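Only one structure is covered here, and it is reproduced in the block below.
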Protein chains: 2
Amino acid sequence: MPRRSPNPDTPAGERILVTASELFYERGIRGVGVDLIADQAGVTKKTLYDRFGSKDALVAAYLTRRHERWAAWFREHLAERGATGTDQVLAALEVAEEWADDNVRGCAFVNAHGEIGGTEHPGNAVILADKQYMLAAFQGLLRDAGHPDAERLGEQVHLLYEGAMVAHTTRAQPDAFGVARAAARALLRD
Amino acid sequence: MPRRSPNPDTPAGERILVTASELFYERGIRGVGVDLIADQAGVTKKTLYDRFGSKDALVAAYLTRRHERWAAWFREHLAERGATGTDQVLAALEVAEEWADDNVRGCAFVNAHGEIGGTEHPGNAVILADKQYMLAAFQGLLRDAGHPDAERLGEQVHLLYEGAMVAHTTRAQPDAFGVARAAARALLRD
DNA sequence: AGATAACCATACAGGTCGGTATACTCGCAG
DNA sequence: CTGCGAGTATACCGACCTGTATGGTTATCT
């Protein structure tokens with residue numbers, strides 16, 4: 001009998017989530033089967049289903065975890081740079097570049113959206129939340145810097161950020177983030 | 001025996017490609033099996049393999065066809081607007097918005113890259129070519145308009161274009177293309 | 001007349017998919 | 001000492017996956 005509300009917060013559950021996250025990001029969601037995840041995590045398939053209930057739920061957990069990891073990493077590394085005022089926006093784009101260099105498959109949420117977008121998959125809400133978080137982050141930085149039009153400019157910089165992510169990952173523009181920073185500087189001058 | 005060099009340029013081949021294109025775009029590459037494509041196209045699986053040789057080759061043909069379709073549509077609708085000078089860039093973003101409204105699953109090449117990126121799939125070359133085509137298109141428009149820094153500015157506008165596509169499709173920014181145009185206008189003023 | 005290209009229909013191979021079923025062991029808290 | 005949560009192992013389900021095999025039909029071109 002399936003658990004009423006599966007509780008993934010156990011050692012095996014954690015191992016499953018970590019393993020699944022790596023595999024999903026590297027090979028795509030449909031490119032990874034639950035058998036492989038269970039094997040790789042040193043766990044039986046039954047345990048996987050006892051902890052997460054379904055593959056869809058595991059995918060949603062993967063996206064949630066990934067967003068949390070990224071948000072924490074982003075905040076931390078941004079603070080480390082000690083930028084002030086509108087320079088924080090440029091620093092944010094530098095931090096994003098650093099992340100992108102270590103995450104060659106690009107934005108996990110864009111990739112996931114390409115696979116599950118337009119369906120009723122529980123992961124879709126997480127994808128939207130991640131994107132809105134980044135938009136709000138840029139707007140927040142500009143608001144804190146006292147910029148008179150933080151909302152509008154935040155939207156524009158957010159487009160540069162998303163565009164740079166795509167152009168960098170697809171190798172259409174090798175220095176996509178440098179280009180994004182130059183554009184952001186011009187918009188800030190305005 | 002498999003054909004030495006499969007020739008997809010037949011009525012059945014065309015039907016297969018059209019059907020596969022719709023399905024791949026709507027459900028993703030791994031989300032569609034060759035059986036379904038053959039059924040939907042009113043063709044036997046043998047014919048599909050006689051025409052295209054493999055699913056991977058069919059996917060590459062899908063991406064190539066899609067790029068050609070988009071490029072033709074883009075050129076045509078851009079010309080129809082009769083914009084001149086640097087206004088052509090803004091018109092291009094309007095045309096892109098129109099396309100995006102009718103193609104709810106977003107950029108087929110970004111989606112495909114999420115599924116096959118980082119592998120040796122023959123579709124990867126097509127994806128890169130499409131992205132570089134759009135970068136060159138923006139640079140070309142600016143060069144024709146006599147802009148002194150067409151290369152650099154083209155790169156920046158290209159990021160706005162890619163970013164708007166992502167933000168629009170994921171619904172992170174409902175008016176993503178309007179925001180992109182405002183940013184482009186500001187960069188052009190510079 | 002003969003060859004060839006372009007199809008049709010059916011069947012099958014060998015594997016993977018998400019998900020379930022059964023039966024067992026271990027540690028711990030009441 | 002008993003019950004339960006967390007885990008093990010193995011087997012199975014029906015559906016689907018890419019790809020091949022076999023054999024037959026029709027139209028066109030030389």
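Bear in mind the structure is a predicted one, so any value in this text is a computation, not a measurement.
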Q. Could you give the angle between the helix axes at the two ends of the helix from dA1(C)-dT30(D) to dG30(C)-dC1(D), with five pairs per end, rounded to 10 degrees?
A.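 Computed from the C1' atoms at both ends, the axes differ by 0°.
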Q.
Working to the nearest 0.5 angstrom, can you tell me the gap between Met134(B) CE and Tyr161(B) OH?
A.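 Taking CE in Met134(B) and OH in Tyr161(B), the distance rounds to 4.0 Å.
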Q: Report the distance from atom CD of Glu26(A) to atom CG of Asn103(A), rounding to the nearest 0.5 Å.
A: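 One gets 8.5 Å once the value is rounded to the nearest 0.5 Å.
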(Q) Check this for me, if you would: do Arg65(A) and Glu14(A) make a salt bridge, where the nitrogen-to-carboxylate-oxygen distance has to be below 4.0 angstrom? (A)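 Yes.
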Q. With the threshold set at 4.0 Å, does a side-chain nitrogen-carboxylate oxygen contact exist between Glu98(A) and Arg81(A)?
A.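 So Glu98(A) pairs with Arg81(A) through a salt bridge.
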Q. Any sub-3.5 Å donor-acceptor pair from Thr47(A)'s side-chain atoms to Val43(A)'s backbone N or O?
A.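 Absent.
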Q) Taking Thr169(B) for the side chain and Val166(B) for the main chain, is one N or O donor matched with an acceptor at less than 3.5 Å? A)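 Checked: no pair found.
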Name all residues meeting the side-chain hydrogen bond (donor to acceptor under 3.5 Å, both in side chains) criterion together with [X]; count only those two or more places apart in sequence or in a different chain, and write none if there are none.
X         : result
Arg15(A)  : none
Asn111(B) : none
Asp87(B)  : none

Please give, in whole Å, the distance from [N] [atom2] to [X] [atom1]?
X        : N       : atom1 : atom2 : answer
Arg27(A) : dC17(C) : CZ    : C1'   : 15 Å
Glu14(A) : dA6(D)  : CD    : P     : 15 Å
Phe52(A) : dT20(C) : CZ    : P     : 16 Å
Asp9(B)  : dC7(C)  : CG    : C1'   : 15 Å
Leu48(A) : dG18(C) : CG    : P     : 10 Å

Q: Looking at every strand, decide which applies to Thr10(A) at a 4.0 Å heavy-atom threshold: base, sugar-phosphate, or nothing.
A: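 Sugar-phosphate: the residue Thr10(A), judged by heavy atoms under 4.0 Å, touches backbone atoms but no base.
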Anything under 3.5 Å between a protein N or O and an N or O of nucleotides 12-19 of chain D, put it in a table, one pair a line.
| unit_1 | atom_1 | unit_2 | atom_2 | d |
| --- | --- | --- | --- | --- |
| dC17(D) | OP1 | Gly33(B) | N | 3.4 |
| dT18(D) | OP1 | Lys55(B) | NZ | 2.6 |
| dT18(D) | OP2 | Val34(B) | N | 2.8 |
| dG19(D) | OP2 | Tyr49(B) | OH | 3.0 |
| dG19(D) | OP2 | Lys55(B) | N | 3.0 |
| dG19(D) | N7 | Lys45(B) | NZ | 3.1 |
| dG19(D) | O6 | Lys45(B) | NZ | 2.3 |

Q | Side chains of His168(B) and Asp101(B), donor plus acceptor under 3.5 Å | A |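 Side-chain D/A pair, His168(B) to Asp101(B): present.
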(Q) Please confirm whether the shortest side-chain N or O distance from Arg51(B) to OP1 or OP2 of dA5(C) is below 4.0 Å. (A)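 So the side chain of Arg51(B) is outside the cut-off, no N or O lying under 4.0 Å from OP1 or OP2 of dA5(C).
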Q.
Between Thr44(B) and dC7(C), is there a contact of a side-chain N or O with OP1 or OP2 at under 4.0 Å?
A.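 No, because none of the side-chain N or O atoms of Thr44(B) sits under 4.0 Å from OP1 or OP2 of dC7(C).
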What pairs of nitrogen or oxygen atoms, one from the protein and one from nucleotides 23-30 of chain C, lie under 3.5 Å apart?
none

**Q.** Tyr25(B) six-ring face occupied by Arg66(B) cation (under 6.0 Å, within 45°)
**A.**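 Yes - Arg66(B) lies over the ring of Tyr25(B), closer than 6.0 Å to its centre and within 45° of its axis.
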